[in-house]
Amino acid sequence: AQSVAQPEDQVNVAEGNPLTVKCTYSVSGNPYLFWYVQYPNRGLQFLLKYITGDNLVKGSYGFEAEFNKSQTSFHLKKPSALVSDSALYFCAVRDPTIIQGAQKLVFGQGTRLTINP
Amino acid sequence: SAVISQKPSRDICQRGTSLTIQCQVDSQVTMMFWYRQQPGQSLTLIATANQGSEATYESGFVIDKFPISRPNLTFSTLTVSNMSPEDSSIYLCSVDHDRSRDTQYFGPGTRLTVL
């Protein structure tokens with residue numbers, strides 16, 4: 001079964017510094033990988049995804065993520081953090097090769113990102 | 001992406017009662033999903049709802065507790081039955097957008113508190 005790990009419950013970064021939110025995954029096939037962001041009292045917003053192709057994917061709000069198959073990782077990055085980036089970030093995976101429940105998204109535990117002014 | 005709305009946005013309910021949550025999408029979609037996010041936790045899939053067929057429930061979730069309807073391609077409901085305080089969660093619906101089938105888009109969620 002597929003699984004996702006976000007090893008850090010919380011990440012604190014000073015405004016203007018680069019940020020990284022870590023994610024590792026486990027699937028039997030080739031993964032579809034996603035990052036979502038959740039602001040207080042709001043639903044999940046899609047940020048970016050890796051399906052195939054270039055390992056570096058770019059998404060909304062200046063975020064990007066790098067797929068590393070050998071390390072089974074999909075870390076979220078941004079070169080210069082903004083205070084408005086403070087939110088809860090979720091990594092998710094799905095395995096499109098499984099017959100039953102191929103559309104199922106499995107989420108990590110979430111990482112609370114705080115950007116300090 | 002699809003525009004998804006949920007009703008109610010939040011509710012406070014008494015133990016033993018039931019609440020029905022509605023999810024409306026602005027376009028026709030094949031698959032809709034219901035997730036639960038318990039306080040301070042991640043999201044867990046409750047069930048997948050396809051139009052014209054029974055919902056498919058994940059391990060640990062049963063139809064008697066979480067009956068789901070999917071009467072057409074733009075609408076679904078989730079009922080939380082015989083509620084207990086342990087059901088206090090955010091309930092989110094999502095859709096597998098037909099033009100971008102690999103990405104799920106989420107509604108704003110329903111925050112449920114059971115006293």
Side-chain angles (χ1 to χ4, degrees), chain A residues 1-10 21 23 25 27 29-53 57 59-60 65 67 87-112, chain B residues 1-11 21 23-25 29-50 53 55-61 89-113:
Chain A
Q2 59 264 49
S3 66
V4 176
Q6 292 180 242
E8 301 156 317
D9 291 335
Q10 183 145 348
V21 183
C23 171
Y25 66 90
V27 297
N30 290 320
Y32 287 5
L33 293 158
F34 305 84
W35 277 101
Y36 289 86
V37 59
Q38 186 176 37
Y39 296 100
N41 300 314
R42 292 168 68 174
L44 261 66
Q45 294 181 29
F46 168 72
L47 272 181
L48 52 78
K49 65 184 177 185
Y50 172 82
I51 303 298
T52 187
V57 293
S60 307
F67 170 63
L88 189 56
Y89 290 79
F90 289 98
C91 182
V93 66
R94 65 197 284 185
D95 185 347
T97 63
I98 60 177
I99 302 301
Q100 293 291 334
Q103 315 303 322
K104 176 180 176 179
L105 266 179
V106 173
F107 284 85
Q109 288 300 307
T111 298
R112 185 162 300 281
Chain B
S1 64
V3 176
I4 306 165
S5 60
Q6 287 185 233
K7 289 182 181 179
S9 58
R10 58 178 62 223
D11 207 341
I21 302 168
C23 180
Q24 179 77 51
V25 191
V29 293
T30 304
M31 303 184 76
M32 296 180 77
F33 307 85
W34 286 98
Y35 288 83
R36 181 176 73 181
Q37 185 180 18
Q38 294 177 299
Q41 303 292 316
S42 185
L43 283 80
T44 301
L45 181 64
I46 297 172
T48 302
N50 291 335
S53 63
T56 303
Y57 288 83
E58 295 296 306
S59 176
F61 297 97
S89 296
I90 299 173
Y91 292 87
L92 299 104
C93 71
S94 73
V95 304
D96 217 18
H97 198 269
D98 282 353
R99 259 187 270 172
S100 174
R101 286 189 60 89
D102 45 49
T103 303
Q104 286 185 24
Y105 295 93
F106 285 79
T110 296
R111 184 178 294 271
L112 171 62
T113 302

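So you know, we letter chains A, B, ... as the sequences are listed, proteins then strands, and number each from 1.
When the candidates A/Q45, A/Q109, A/R112 are compared by the number of heavy-atom contacts under 4.5 Å with chain B, A/Q109 comes out ahead.
Inspection of the A/T111 and A/E8 side chains reveals no N or O donor paired with an N or O acceptor under 3.5 Å.
Rounding to the nearest 0.5 Å gives a distance of 13.5 Å between CZ of B/F33 and CG of B/L92.
If you measure heavy-atom distances from A/I51 to chain B, the contacts under 4.5 Å come from the side chain alone. Proximity to chain B is absent for every atom of A/Q6, based on heavy atoms less than 4.5 angstrom apart. Heavy-atom distances place the side chain of B/Q37, and not its backbone, under 4.5 Å from chain A.
A donor-acceptor pair under 3.5 Å is absent between the side-chain atoms of B/Q41 and the main chain of B/R36, judged by distance alone.
Among A/V93, A/V57, A/L48, the single residue meeting the side-chain contact (heavy atoms from CB on, under 4.5 Å) criterion with A/L33 is A/V93.
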